There are 2 protein chains.
Amino acid sequence: MATTTAAQRREKARVEYDAFIKSCPTNQLLVRISDKWVSLIVSALAEGSMRYSDLGRKIAGVSPKMLTQTLRSLERDGIVARTVTPSVPVRVDYELTPLGMNLSCLLTAVKDWAEQHIEEVNEARDRYDASSAAS
Amino acid sequence: MATTTAAQRREKARVEYDAFIKSCPTNQLLVRISDKWVSLIVSALAEGSMRYSDLGRKIAGVSPKMLTQTLRSLERDGIVARTVTPSVPVRVDYELTPLGMNLSCLLTAVKDWAEQHIEEVNEARDRYDASSAAS
DNA sequence: CAGAATCCAAATCGATACTG
DNA sequence: CAGTATCGATTTGGATTCTG
């Protein structure tokens, strides 16, 4: 009846699809590991535990806000463990959990794929750009 | 001398790091595959070639703009191939290249990891949220 | 030291309408 | 059919400042 029915249906489909995507484990994982700082933090911690400020120094360019935010979400997902030593001043260490180490392995697989195929991708890009430039 | 020296140095570090991250193959790959629509498109095409509108229908909720944009960047990277059949009306088919199929395998590996560990992640989340709620 | 809170600029995404 | 162009809403990330 209403003239908005079609639009409403599309909107509904979109919302449902959004929910589906957000609940999809694969997508959740993809979103997590592709976060700008996650792979850097995980690979830094793969070598051993580190203090907050050490991470901040090792990963130059990260703001305290993003470092904390990323670390918190990784902690929540059980990927890193946070240990507070109540000295003065306080000392906080972060380290990978077993799950985190496992994730680190997956990241290594991704890294290997990237290194094996980056050349091919770059060639494709050059070809594409060259033919586009001929506009 | 200047009071801005420290800030400038931080800024410089950030810019350099940004450049480093952007040029890093692993990060480029991560950014690409975690794009909201990429994994959906690649897995849809893994089953065979598809027309533009078929993709749009299969992946409900994607706008023409995002579909085109995603497809174009995948084409540029040599992951999908675009074939135009100049009939009336025109017909455009998309399919995975060998590189694209290879990527599809990596995506499968990621998917497997996600499915194997999602439970563990969810438990960690519940635990974390439960202890946070006790605030 | 390790972070929390606030503010703001920039990039992103989607809806919509139009075209060859 | 297969897009392109434009605009507005939303999200995101960073700088900055402050605190236990």
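So that the names make sense, note that chain A is the first sequence line, chain B the second, and so on, each numbered from 1. Being a predicted model, the structure only gives us computed values, none of them experimental.
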Give the table of side-chain donor-acceptor pairs shorter than 3.5 Å for residues 108-120 of chain B, with sequence neighbours excluded, one pair per line with atom names and distance.
unit_1	atom_1	unit_2	atom_2	d
B/Thr108	OG1	B/Ser104	O	2.9
B/Trp113	NE1	A/Asn102	OD1	3.0

Tabulate below the donor-acceptor pairs under 3.5 Å that side-chain atoms of residues 16-25 of chain A make, not counting sequence neighbours, or state none.
unit_1	atom_1	unit_2	atom_2	d
A/Glu16	OE2	A/Lys12	NZ	3.1
A/Asp18	OD1	B/Lys36	NZ	3.1
A/Ser23	OG	A/Ala19	O	3.3
A/Ser23	OG	A/Phe20	O	3.0

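A/Thr83 places none of its side-chain heavy atoms less than 4.5 Å from the side chain of A/Val92. Considering only heavy atoms from C-beta on, B/Leu99 comes within 4.5 Å of A/Val121 through its side chain. With a 4.5 Å cut-off on side-chain heavy atoms, A/Ser39 and B/Asn27 count as touching. The side-chain heavy atoms of B/Leu103 and B/Leu96, taken from C-beta on, include no pair separated by under 4.5 Å. Side-chain contact between B/Thr70 and B/Val62: absent, with no pair of heavy atoms (C-beta onward) separated by less than 4.5 Å.
Closest of all the heavy-atom pairs between B/Leu55 and B/Ala44 is CD2-CB, 4.1 Å. When all heavy atoms of B/Val38 and B/Ile33 are compared, the closest pair comes out as CG1-CA, 4.1 Å.
Within the 3.5 Å criterion, the main-chain N or O of B/Ile41 finds no donor-acceptor partner in the side chain of B/Tyr94.
Residues passing the side chain to side chain contact (heavy atoms under 4.5 Å, CB included) test with B/Arg57, sequence neighbours excluded: B/Ser53, B/Asp54. Applying the salt bridge (Lys or Arg N to Asp or Glu O under 4.0 Å) rule to A/Lys58 yields the partners A/Glu47; only residues at least two apart in sequence or on another chain are considered. Every residue was checked against the ring-ring contact (aromatic ring centres under 6.0 Å, His included) condition with A/Trp37, not counting sequence neighbours, and none meets it. A search for side chain to side chain contact (heavy atoms under 4.5 Å, CB included) contacts involving A/Val88 returns nothing, not counting sequence neighbours.
Near-neighbour residues of DNA chain C inside residues 41-55 of chain A, defined by a heavy atom below 4.0 Å, number-ordered: A/Arg51, A/Tyr52, A/Ser53. Across residues 86-94 of chain B, not one residue has a non-hydrogen atom less than 4.0 Å from an atom of DNA chain C. At a non-hydrogen distance threshold of 4.0 Å, nothing from residues 72-85 of chain B comes into contact with DNA chain C.
Within the structure, every pair that satisfies the salt bridge (Lys or Arg N to Asp or Glu O under 4.0 Å) test and touches residues 65-86 of chain A, not counting sequence neighbours, is listed here: A/Arg32-A/Asp77, A/Arg76-B/Asp129, A/Asp77-B/Arg125.
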What does the list of N/O pairs under 3.5 Å between the protein and nucleotides 12-14 of chain D look like, with a distance for each?
unit_1	atom_1	unit_2	atom_2	d
D/dG14	OP1	A/Lys36	NZ	2.9
D/dG14	N7	A/Lys65	NZ	3.3
D/dG14	O6	A/Lys65	NZ	2.3

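Taking five base pairs at each end of the helix from C/dC1-D/dG20 to C/dG20-D/dC1, the local helix axes there meet at an angle of 50°, rounded to 10°.
Counting to the nearest Å, the P atom of C/dC13 and the CG atom of B/Leu67 are 14 Å from each other.
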